[in-house]
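Taking it in order: structure first as structure tokens, then the write-up.
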Amino acid sequence: MPKRNKVPTGAGSKGEPDKSPTVLYANGDGVGPEIIPSAISVVDAAVKSAYNGKRKILWKEIVIGKEATKRFGEPLPRKSIDLIRSNKLLLKGPLETPVGTGHKSLNVELRMLLDLYANIRPVRYFEGLKSPLTNPSAVDLVIFRENTDDLYTGIEWPYDSQDLRALRAFVSERLGVYLEADAGIGIKQISKSKTERITRAAIEYAIKNKRRSVTIMHKGNIMKFTEGAFREWAYGVAVKEYRSSVVTEEEVVQKYKGRVPAGKILVNDRIADNMFQQLIKSPGDYDVILAPNLNGDYISDAAGALVGDIGVLGSADMGERSGMFEAVHGTAQKYAGKNIANPTGIIISGAMMLGYMGWEEAASAIKKSVESAIKAGKVTNDLARYTKAKALGTKEYTAEVIRRIGKG
Ligand code: NAP
């Protein structure tokens, strides 16, 4: 029997739903204080429309990021962490991370603290978006990015630090390995248990949502014992724990004359650089992509560009006990406070959260209204600049999405 993950699979939760659950929200930095209220008003309108006012989310604000530093002297106050732990659901705006200096990423810290190990990022084309592809409707992917391992564990030292001098001496004496004297060093770790649990999450998602394939993205030819191991461990889970549901590419060639048997999910792998070109050339050949942390981050933005813009991508960070829902994009600081930012990514994240709560009707109403608005050319500047559409402000676009809820 496969060791079941508790990570949501997109199929909705079972049992009688709480009709007035508390959900936390954090505005975050940059455009966050504009897009989070937009998403909340869309979610509320969809819930009201789908359940005739019989269900309602009780929103509770927590403060993290720059606002928290201003008010409480730290960007991630203990009280906010405790509230997330006890409430379990968080709709989060983007958080700024300084480059090359300053505090570590709060996003990474939150994911680590709450063990939100599965970053799930659906990427689908909406009619009306300006894509660089000739056939963008072929793009319908779900990226499963491991969220707690890899270079994001933040184990690194500046080139001229005392600690790194000690480390250089240690590896030289004990392991006979020479580290450049003027190089900063970071440690990449990829662990078996973390690889196995994200693999289970991806395959279970694929089974429940009747997806065609799961592609393991790695750079195992170069990083043999980290990314190469990710590949091996992922295949191991697939063929040992999900034998009756999956078939590998090798088996398809050797046993099935190149055709995936009906009802089976194809499990294959691609070296990371090739994955990028394959995705651009033949996006329709890819379905669920399973990747370690860094690869998953890179491929998400590239996939976002294929459907027109990362501004439309939502995501879920899931663990066994809590879920954090956030747009794929960052703070987009240059647009902050100008009523320009595209709130679609966080609106879609709100729909993913509703799906996780089992409120599928409301989730689907949001997706349809966003689709309908974009198709009608009712879009924000980031999308309108590539088409003949007149750009709407964040607030006007939000009103347009709400107006379309429940209208087919
Ligand atoms: P970014 O904030 O996503 O912005 C990159 C570009 O994407 C923008 O210049 C803009 O493109 C476009 N864009 C992103 N979101 C948009 C929106 N909602 N509406 C319209 N256009 C949007 O990425 P970044 O500049 O690399 O990162 C900025 C900060 O955000 C960094 O501190 C980074 O660490 C942080 N970040 C946080 C998260 C998170 O909280 N989960 C994720 C990623 C990055 P154009 O210039 O072409 O208009």
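Worth saying up front: this structure is predicted, and the values here are computed from it rather than measured. All values below were derived from every heavy atom in this structure, side-chain atoms included, with hydrogens, water molecules and symmetry-related copies excluded. Whatever order the structure lists them in is the order used to number ligands and atoms, beginning at 1.
Counting heavy atoms of neighbouring residues, nucleotides and ligands inside a 6.0 Å radius, atom CD of Glu250 does not exceed 12 of them.
For atom 46 (O) of ligand 1, the nearest protein heavy atom is under 4.0 Å away. Checking atom 7 (O) of ligand 1 against the protein gives no heavy-atom contact under 4.0 Å. Put simply, atom 39 (C) of ligand 1 has protein non-hydrogen atoms near it, under 4.0 Å away. Per-atom contact check: atom 14 (C) of ligand 1 touches the protein, criterion being a heavy-atom distance below 4.0 Å. At a distance under 4.0 Å, a protein heavy atom can be found next to atom 34 (O) of ligand 1. For atom 21 (N) of ligand 1, the nearest protein heavy atom lies closer than 4.0 Å.
From Leu392, atom CG reaches atom CG of Asn339 across 9.5 Å, with rounding to the nearest 0.5 Å. Leu354 CG to Leu89 CG: the interatomic distance, rounded to the nearest 0.5 Å, is 9.5 Å. Residue Ser322 holds its OG atom at 8.0 Å from CD1 of Ile84, rounded to the nearest 0.5 Å.
For atom 11 (O) of ligand 1, the closest non-hydrogen atom of the protein is Arg385 NH2, 4.2 Å. Nearest protein heavy-atom contact of atom 37 (C) of ligand 1 is Leu95 O, 3.2 Å. In this structure, the protein non-hydrogen atom closest to atom 17 (C) of ligand 1 is Asn342 N, 3.7 Å. Scanning all protein heavy atoms for the shortest distance to atom 10 (C) of ligand 1 gives Tyr335 CE1, 3.9 Å. Protein heavy atom nearest atom 28 (C) of ligand 1, with residue, atom name and distance: Thr331 OG1, 3.5 Å. Of the protein's heavy atoms, Gly330 N, 3.5 Å lies nearest to atom 1 (P) of ligand 1.
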* Asked: Should Lys219 and Asp273 be marked as a salt bridge (Lys or Arg N to Asp or Glu O under 4.0 Å) after you check the CA-CA gap, both sets of side-chain angles, and the distance that decides it?
  -> CA-CA 8 Å; Lys219 188 73 184 166; Asp273 32 349; 3.0 Å; yes
* **Residues Arg231, Glu227; criterion side-chain contact (heavy atoms from CB on, under 4.5 Å); working and verdict** => CA-CA 6 Å; Arg231 173 186 178 275; Glu227 302 221 357; over 6 Å; no
* Show your reasoning for whether side-chain hydrogen bond (donor to acceptor under 3.5 Å, both in side chains) applies to Asp82 and Ser80. => CA-CA 5 Å; Asp82 291 344; Ser80 299; over 6 Å; no
* Does the salt bridge (Lys or Arg N to Asp or Glu O under 4.0 Å) test come out yes or no for Glu249 and Arg270, once each step is laid out? -> CA-CA 11 Å; Glu249 199 159 58; Arg270 295 288 177 270; 3.1 Å; yes
* Asked: Step by step, would you call Asn87 with Thr22 a side-chain hydrogen bond (donor to acceptor under 3.5 Å, both in side chains)?
  -> CA-CA 7 Å; Asn87 280 275; Thr22 297; 4.6 Å; no
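With Glu67 contributing its side chain and Gly28 its backbone, the two residues share no donor-acceptor pair below 3.5 Å.
Which parts of ligand 1 touch Pro94 is read off a 4.0 Å heavy-atom cut-off, strictly below it: atoms 40 (O). Applying the 4.0 Å criterion to heavy atoms of Ala341 picks out, from ligand 1, the atoms 19 (N). Per-residue contacts place Asp382 under 4.0 angstrom from the following atoms of ligand 1 (heavy atoms of the residue considered): 20 (C), 21 (N). Close contacts of ligand 1 with Asn107, meaning ligand atoms under 4.0 Å from a residue heavy atom, involve 37 (C), 38 (C), 39 (C), 40 (O), 41 (N).
In Thr97, the parts holding a heavy atom less than 4.0 Å from any atom of ligand 1 are both the side chain and the backbone. Of all the heavy atoms of Val328, the ones lying under 4.0 Å from any atom of ligand 1 belong exclusively to the backbone.
Here the rule is side chain to side chain contact (heavy atoms under 4.5 Å, CB included) with Tyr117, and of Lys194, Glu146, Met318 only Glu146 fits it.
Nearest to atom 2 (O) of ligand 1 by heavy-atom distance, out of Ala332, Ala336, Pro343, Ala305, is Ala332. Between atom 41 (N) of ligand 1 and the options Glu96, Gln333, Glu326, the minimum heavy-atom separation is to Glu326. One option in His329, Lys334, Arg111 has a heavy atom closer to atom 9 (O) of ligand 1 than any other, and that option is Lys334.
Side-chain contact between Pro21 and Met357: present, with at least one pair of heavy atoms (C-beta onward) separated by less than 4.5 Å.
With Tyr152 as the aromatic partner, Arg145 meets the cation-pi criteria of under 6.0 angstrom to the ring centre and within 45 degrees of the ring axis.
Heavy atoms of Lys92 come nearer than 4.0 angstrom to ligand 1 in at least one pair.
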